[in-house]
K.L.:
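Provided herewith is a single structure, encoded as C-alpha cells, for subsequent inquiry.
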Amino acid sequence: MNAIGPISTLLLSLFMVHCGGSKFKGGSATVTNTPPSLAFDETPLDVSKLPENVDTKDSGGPTTGVSTLVETPSDLSCEATSDKTMRVSPDEKADVKVQNDARVVMNVKGRFCPSVSDNLTVLFIIDFSGSMGPNTPDQNNMTFQPATGNDPRAMVGAVKSCGRLQAVEAILAKFKAGDKVNVGTVTFASDIVDSHTTAPADAETFRTTRLAEASKLNNFCSYIPPDQSFAAQEMAVPAPKVGGATNYAAAFNKAYEFLRDVKGRKAVYFITDGRPTAGGGDPVTAGKNAATKLKTIENLYFNAFFLQYKQSGLQEDKQGFDNLVQTIGAPERVVRVDSAAQLAVEVGKEQAASFDPAQIKASLTIEPYEPEAELKVLSFTQDPANAKAWVFETQPFVLLGKGNEVYPHLVKVTAKAKDGTLHTSQVKILYQRSLQ
C-alpha cells in the first residue's frame, strides 16, 4: 500500500526557446546554439494566434526570430512539491535569465509519484461499529457479530493495543521532525462518533493529544456496544449517541468536509470490517456516492483496509470486501487483512502509483488571452527506472509579454488515477520580456 500518495514534480524546458527544474533553482543559464530534438519537434503553442484571441489588440505577442536553447539547473526529485512559481526575465536575479526581447519557448516536464514529504494532510477514517468489539454471537446469521470482535484490544509486548492504533502509529512513524504534516481522524459507526473525531492538526499536536499514552487506547481501540449489557466493557464508547451499524456515507461526507478546502496533498486511510448497513434506504449506494464525491478533491490518495480477524469466528465477508473494492474504485488500493499485526504491516507498505495513460490533460492560461488554452501532453508513461513514478511532458509553448510588464503564464497538468482520484501539478511562470 502506498504510504502517502502521488506527489508531482516539475521540470521546465525553455528556449530563448527554454529548460528548468522541478525545484526551479536559480543560477546562471547555459546557452547553446543547438536546438533540442525529441519533444521539441512538436510545433510550439502560440496562444496569441488562437482564433479566440484574434480581437485581443496590443497584448504583447512573441518576438519573432530564431530561438536559442537555454538550460537551467533541474531537479526531478519526488520530494519536490507540485506547485511552483518562477521568474523568467532579463533581470540578473531571475530564476531564468534571458536576453532582452528574446523569443522564449518553454515546455513542462514532471512526474506523479508516491512520497513521504512536506505539505501533506493525513486523515484516518476508522470504523467504531459494533463488530469491532465484543458482541453477541448469532450462529444462524452469516453476519453474526463475534464474541471477541474484529479488532480486539490485545497485548503487544508489554502494552495493550489494537490494529487500528498500530496502523495509525505506523503511519506517524514515517514522518521526520520538520515535515509539514497535518493529521486528523473521522470515527464512525451508524453515524459520526463526534467524541473521537478530530479535524486535521499538525502532526506533533496529534501525537501529544490523540496518541498520548493515557488516552490512545480509548481514542482508537473503541467500539459502539450493541446494548447496555456491554456498557461496562473496556472498549465500549461511554454513553454513545450513535448506534453500532456501519455508515460509509457519513464517514466519507465528514472526510469531504475536513479536506475540501485543504491545499497540498491528502492521504486517506479507511479502516473497516464490514459492508455499509446504515446511511439511508440504500446504504451501499449511498457509500459509493459519498466516496465518489470525496475523490473529486484534487491530490487525494485513497487507501482502504478490510479487517477480518480470523480468531473472532466471523465468517469471511466476501461480499463486503468486493463492495469496498467497488467503493474505492481500484482493487490495488484495497487490502484484506486478518489480524492487527498484518494491518500494521500492510498500512505501511508502498505500492506503485496506478494511472490511466489516456487520462491526462494540460492547459495554459495567459492573461489577457483566452483562458485555459489546451496544451498537448506529448507523453505520460511509467518511469522504467522507478515503478512508483509516472512521467509526463507537454508540448512547448511561446511566452508572451509586452515591454517591462510581467505576464503570468499558468500551466496546469491533471492526471486521473485508476481509482478515480485526480492529481495536479501546476507552475506559474512570471515572464518579463524586457527591462526597458
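What's counted below: heavy atoms across the whole structure, side chains too, no hydrogens, waters or symmetry copies.
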K.L.:
Quick check on the 6.0 Å ring-centre criterion: do His423 and Phe355 meet it?
P.N.:
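Yes.
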
K.L.:
Between Asp202 and Thr205, which heavy-atom pair has the shortest distance, and what is it?
P.N.:
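Looking at all heavy atoms of both residues, the shortest contact is OD1-OG1, 2.7 Å.
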
K.L.:
Using only heavy-atom distances, determine whether the side chains of Gln308 and Arg336 contain a donor-acceptor pair under 3.5 Å.
P.N.:
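There is no such pair (donor and acceptor under 3.5 Å, judged by atom type) between the side chains of Gln308 and Arg336.
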
K.L.:
Determine the minimum heavy-atom distance between Gln395 and Leu378, stating which atoms define it.
P.N.:
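Taking Gln395 first and Leu378 second, the nearest heavy atoms are N-CG, 3.6 Å.
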
K.L.:
Ignoring hydrogens and geometry, is there a side-chain-to-backbone donor-acceptor pair from Arg153 to Cys221 under 3.5 Å?
P.N.:
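Yes, because the side chain of Arg153 sits within donor-acceptor range (under 3.5 Å) of the backbone of Cys221.
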
K.L.:
Hey, which of Asp151, Thr187, Thr185, Asn219 is the one that makes side-chain hydrogen bond (donor to acceptor under 3.5 Å, both in side chains) with Arg164?
P.N.:
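With Arg164 as partner, Asp151, Thr187, Thr185, Asn219 yield a single side-chain hydrogen bond (donor to acceptor under 3.5 Å, both in side chains), made by Asp151.
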
K.L.:
Quick one, Tyr369 with Tyr407, criterion ring-ring contact (aromatic ring centres under 6.0 Å, His included). Give me CA distance, side-chain angles, the key distance, then yes/no.
P.N.:
CA-CA 11 Å; Tyr369 297 101; Tyr407 275 51; 7.3 Å; no

K.L.:
Side chains of Asn107 and Thr394 only: does a donor on one sit below 3.5 Å from an acceptor on the other?
P.N.:
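Side chains of Asn107 and Thr394: no pair found under 3.5 Å.
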
K.L.:
Before we go on, tell me: are the rings of Phe188 and Phe270 under 6.0 Å apart, centre to centre?
P.N.:
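Yes - the distance between ring centres of Phe188 and Phe270 falls below the 6.0 Å cut-off.
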
K.L.:
Start with the C-alpha distance between Tyr431 and Met106, add both sets of side-chain angles, then the distance that settles side-chain contact (heavy atoms from CB on, under 4.5 Å), and finish with yes or no.
P.N.:
CA-CA 11 Å; Tyr431 176 52; Met106 304 181 67; over 6 Å; no

K.L.:
Determine, stepwise, if the pair Phe397 / Val108 fulfils side-chain contact (heavy atoms from CB on, under 4.5 Å).
P.N.:
CA-CA 9 Å; Phe397 52 92; Val108 173; 4.2 Å; yes

K.L.:
Between Lys216 and Glu213 (salt bridge meaning N to carboxylate O under 4.0 Å), is one present in this structure?
P.N.:
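Between Glu213 and Lys216 there is a salt bridge, with a charged N closer than 4.0 Å to a carboxylate O.
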
